[in-house]
Asks: 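Input: one structure, supplied below.
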2 protein chains.
Amino acid sequence: MSVTFKDVAKLAGVSTQTVSRVTNGADNVSPETRERVNQAISALGYIPNKGAQMLSRGKSKTLGIVSLDIALHGVALIVNGVRQQAHEKGYGAALSIVESNEFDRIKAAIRELASQQVDYIVINVPLTQEMAEQLVEQFTALKFMFIDVPESSKVNYVCAEHTQGAKMAVQHLIDCQRDEYILITGPNASTGSSLRLESWRYELAQHGKKIAASYEGDWEAKSGYLAIRDALARKLAFDAVLVANDQMALGVLCALSELGVSVPDRVSVVGFDNISDSAFFTPPLTTVEQDFLALGQQAVKRLLNSTEQTPHSYCQLILPTRLIARSSTSVKTKQGENAQQILNHLDKARALLQSSVQSR
Amino acid sequence: MSVTFKDVAKLAGVSTQTVSRVTNGADNVSPETRERVNQAISALGYIPNKGAQMLSRGKSKTLGIVSLDIALHGVALIVNGVRQQAHEKGYGAALSIVESNEFDRIKAAIRELASQQVDYIVINVPLTQEMAEQLVEQFTALKFMFIDVPESSKVNYVCAEHTQGAKMAVQHLIDCQRDEYILITGPNASTGSSLRLESWRYELAQHGKKIAASYEGDWEAKSGYLAIRDALARKLAFDAVLVANDQMALGVLCALSELGVSVPDRVSVVGFDNISDSAFFTPPLTTVEQDFLALGQQAVKRLLNSTEQTPHSYCQLILPTRLIARSSTSVKTKQGENAQQILNHLDKARALLQSSVQSR
DNA sequence: GTTACAAATGTTTTCGGTAACATTTGTGTT
DNA sequence: AACACAAATGTTACCGAAAACATTTGTAAC
């Protein structure tokens, strides 16, 4: 059927073991033999059989990723980070996607990866602390790294600084003299979203600010849009919106703009993530940056390092977030001058148009 | 080390072959034996070794995907479609990502997948016709399906109706009485982008319309933004922008809005893709929809079917695109009333705000 | 010219599962 | 009772590569 060592060996006039030595870069092969074997390999178009390699080597130099749907931008970036770092360390990456964080699905995905003899597993799915610990106990042959999982002293994890990031968002809005807040979270199952919500609530309470309403979204722009439409239909009073990601914030901006509510003046909006699009929203979105790529990279780096460390010491890394202030937030000005402001803005824009343009 | 058939067989008091029969669901095993084996399997936490299975079975029931970076939204959706359909047909999916469409990288990726004994390969990377045909010739043991590759009678492919979609976009702008166009494409290497550009040019020429400028973007919002900043800085005259994807169109909208150019009145903008966000841009974006998910699904469906067909008949499927008209395009009104329009809009919006809100 | 030893290469066994073939057991038929 | 035959189970060989071990060859040392 396919070309194997035997064929290569026959053509090169050597034993299969010599072929193996060449492909694995052993040093005890004479240059001429090596050359002859390499020629035979390319002449026949030999491709190694990974199954056979796995079987005889026992290990696969592969890292498994269990992840949510990669259609979510942040998730895709994390997976990219993981793949990239794995590749850098000489590991392959096998990806298994689960549609929900149902425990059985996740276990099945892990088994699937384990059957491919992966040495390490990165879990990029929101899990409870208990679930994470249980997985580590059940699959003792595997080394785990969890991304964005609640703190636990018994598992490896890397996590973004959700709490601190959410706090900065609130602090910023308070600095903008905002008093009445609408909160829009991601799905409740998401750890990151929960942490942000908790932090928003705590900080707002600390400052005695009012929460006009709280909505659960699905990370998509539409859910942000619908939340604000609802809030406006119910004539809720609010002058600030805290949103758990940038895409939902886009929906928020759209709903506010449609109904003539000026942003940032009457209502200020803060997102989360700082996706590349958010600088180009109307108005450009104030948001909290988190580095998804680094999250994935660090997960792998720490996971591979963890082997070298003393046993029963776990990696617990928290990556920083930072506030990116743009035009969707501002200190309140007096009411009723929106129209004038727009005209002013327009004049200014026209002036700008005349002058030269500096790059962003 | 790990639990194997031998361990299970010993615990269950049967031969390894019987264990194999149970795991493969053979019918000639007595219920009691089956039960005993299954208990042993779960008691020991047995996980099959895929490498060994591949080796002895010769085939892997796995489908390989060679794809561009999944951080691009459309790409991620295609990959999702492929995975989902593969899974439905009982196939696993192995993903190999290439950063560029450099031929050697792609070949390496295919070899990587071939070493995992995949039976089929879906190529989701823009290739020339020659490259595609060469791959099919070189890797005769594999069955290929190409996504978004130029027409060729010698390979399987599925493709979106780029040409027709681009034509509809132009037609729509012409209906809006637009005369001077700016074009913003994706990277030249992209087949889809090239087809759209070609179609735009052809259709505009057909109608005797002027192309004020043409820019090559990178699919990101920023490149659309910079293109328009440049066009305005150079004081180019234009009243329509054709953009090769929605994200770059976002950048276009942002640049126009910043400089006080009214959309859709003074300049109308049409995107491509209809990503879920585009309905929430300011203004909501007129765009050409393509169904990425279906593209991936059909690729797999046709690929698996192709085996059953007569040899040397190739699948050539083109999926429809359709125009989604939103508010970023309109027939021109008289100049000079922008400010008044905005005030009108504002009043209307305030009125809306008072009344009840209907859902989108 | 032996001996000692390293470099180059070959032979055998193994990994874990499955296909092909072999054997045992039980049942119905004549 | 002897036979045919199917169901249930066991035995052996094999997939492709690599580790462990074995052999040959060449060369330096005495």
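By convention in this document, chain letters (A, B, ...) are assigned in the order of the sequence lines, proteins followed by strands, and residues within each chain are numbered from 1.
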Asks: State which residues pass ring pair (Phe, Tyr, Trp, His ring centres under 6.0 Å) with A/F144; sequence neighbours excluded, sorted by chain then number.
Replies: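 Testing A/F144 for ring pair (Phe, Tyr, Trp, His ring centres under 6.0 Å), a comparison that skips the adjacent residues, returns A/F146.
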
Asks: Taking the six-membered ring for Trp and the single ring otherwise, decide whether the centroids of B/Y46 and B/F5 are under 6.0 Å apart.
Replies: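 Here the rings of B/F5 and B/Y46 have centres that are less than 6.0 Å from each other.
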
Asks: Which atom pair, heavy atoms only, marks the closest approach of A/Q85 to A/Q297?
Replies: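 Heavy-atom minimum between the residues: CG-O, 3.4 Å.
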
Asks: More than 12 heavy atoms of other residues, nucleotides or ligands under 6.0 Å from CZ of A/R105: is that the case?
Replies: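 No - once you tally the heavy atoms of other residues, nucleotides and ligands closer than 6.0 Å, there are 12 at most.
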
Asks: Which whole-number value in Å describes the distance from A/Q53 CD to C/dT14 C1'?
Replies: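 To the nearest whole Å, that distance equals 16 Å.
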
Asks: What is the distance from NZ of B/K59 to C1' of D/dC15, rounded to the nearest Å?
Replies: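 In whole Å, D/dC15 C1' and B/K59 NZ are 13 Å from each other.
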
Asks: Looking for any heavy atom pair under 4.0 Å, which part of the strands does B/V14 touch: base, sugar-phosphate only, or nothing?
Replies: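 The answer is sugar-phosphate, as B/V14 gets under 4.0 Å only of primed atoms, P, OP1 or OP2.
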
Asks: Which of these nucleotides, C/dC21, C/dG16, D/dA17, is closest to any side-chain atom of A/P48?
Replies: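 Among the listed nucleotides, the one closest to the side chain of A/P48 is D/dA17.
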
Asks: Whole Å only: how far is the CZ atom of A/R21 from the P atom of D/dA20?
Replies: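 One finds 12 Å between P of D/dA20 and CZ of A/R21, rounded.
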
Asks: Counting only heavy atoms from other residues, nucleotides and ligands, does the tally under 6.0 Å from CD of B/Q138 exceed 12?
Replies: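 More than 12 within 6.0 Å, yes.
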
Asks: From C-beta outward on B/T33, which listed nucleotide comes closest to its side chain: D/dC21, D/dT9, D/dC15?
Replies: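 Among D/dC21, D/dT9, D/dC15, the one nearest the side chain of B/T33 is D/dT9.
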
Asks: Taking B/D119 for the side chain and B/K61 for the main chain, is one N or O donor matched with an acceptor at less than 3.5 Å?
Replies: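 Such a contact is found between B/D119 side chain and B/K61 backbone.
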
Asks: Counting only side-chain heavy atoms from C-beta out, which of D/dG16, C/dT18, D/dA17 sits nearest to B/L55?
Replies: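 Closest of the options to the side chain of B/L55: D/dG16.
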
Asks: Go through C/dG17, D/dA20, D/dG16 for me and flag the one nearest to the A/T4 side chain.
Replies: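 Taking heavy atoms from C-beta onward, the closest nucleotide is D/dG16.
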
Asks: Tell me the interatomic distance from B/N28, atom CG, to C/dT18, atom P, rounded to whole angstroms.
Replies: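 These atoms are roughly 14 Å apart.
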
Asks: Looking at A/Y120, I'd like to know if the NZ or CZ of A/K143 sits under 6.0 Å from its six-membered ring centre while staying within 45 degrees of the ring's axis.
Replies: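 No; the conditions do not both hold, so A/K143 does not lie above the ring face of A/Y120.
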
Asks: Does the distance from a Lys or Arg side-chain N to an Asp or Glu carboxylate O, for B/E137 and B/K154, drop under 4.0 Å?
Replies: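 Looking at B/K154 together with B/E137, the answer is no, because their closest N to O distance does not fall below 4.0 Å.
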
Asks: From C/dG17, D/dA17, D/dT9, pick the nucleotide closest to the side chain of B/S30?
Replies: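 Minimum distance to the B/S30 side chain belongs to D/dT9.
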
Asks: Check every strand shown and say whether B/S15 touches a base, only sugar-phosphate, or nothing at a heavy-atom separation below 4.0 Å.
Replies: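 Base contact.
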
Asks: Which listed nucleotide (D/dT9, C/dG16, D/dG16) is nearest to the side chain of B/S2?
Replies: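 My answer, after comparing the listed nucleotides, is C/dG16.
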
Asks: Take A/T16 and B/V29, find for each the nucleotide of DNA chain D with the closest heavy atom, and name the residue whose nucleotide sits nearer the 5' end.
Replies: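 Nearest-nucleotide comparison on DNA chain D picks B/V29.
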
Asks: Can you tell which of D/dC15, C/dG10, D/dT9 lies closest to the side chain of B/S56?
Replies: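 For the B/S56 side chain, the nearest candidate turns out to be D/dC15.
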
Asks: Tell whether A/R57 reaches the base of D/dG16 with its side chain through a donor-acceptor pair below 3.5 angstrom.
Replies: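 No, the side chain and the base share no sub-3.5 Å donor-acceptor pair.
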
Asks: CZ of A/R34 versus P of C/dA7: gap in Å, rounded?
Replies: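 Atom-to-atom, A/R34 to C/dA7, this comes out as 14 Å.
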
Asks: Would you mind telling me which of D/dA17, D/dA18, C/dT18 lies closest to the side-chain atoms of B/N24?
Replies: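 Selected nucleotide (nearest to the side chain): C/dT18.
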
Asks: Looking for any heavy atom pair under 4.0 Å, which part of the strands does A/T23 touch: base, sugar-phosphate only, or nothing?
Replies: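 A/T23: backbone/sugar contact only, no base atoms under 4.0 Å.
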
Asks: Side chain of A/Q17, heavy atoms from C-beta onward: which of C/dT18, D/dA19, D/dG16 has the nearest atom to it?
Replies: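 Ranking C/dT18, D/dA19, D/dG16 by closest atom to the A/Q17 side chain puts D/dA19 first.
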
Asks: Kindly point out which of D/dA8, C/dA20, C/dT18 is positioned nearest to the side chain of B/S20?
Replies: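 For the B/S20 side chain, the nearest candidate turns out to be C/dT18.
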
Asks: Where along residues 109-119 of chain B does a heavy atom fall under 4.0 Å from DNA chain C?
Replies: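 Of all residues in residues 109-119 of chain B, none places a heavy atom under 4.0 Å from DNA chain C.
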
Asks: Round to a whole Å and report the spacing from CD1 of B/I47 to P of C/dC15.
Replies: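 My rounded result for the distance is 19 Å.
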
Asks: In whole Å, what is the span from the NZ atom of A/K6 to the C1' atom of C/dT11?
Replies: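 These atoms are roughly 14 Å apart.
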
Asks: Tell me: CD of A/E35 to C1' of C/dA8, nearest whole Å?
Replies: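 So the CD-C1' distance, A/E35 to C/dA8, works out to 17 Å.
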
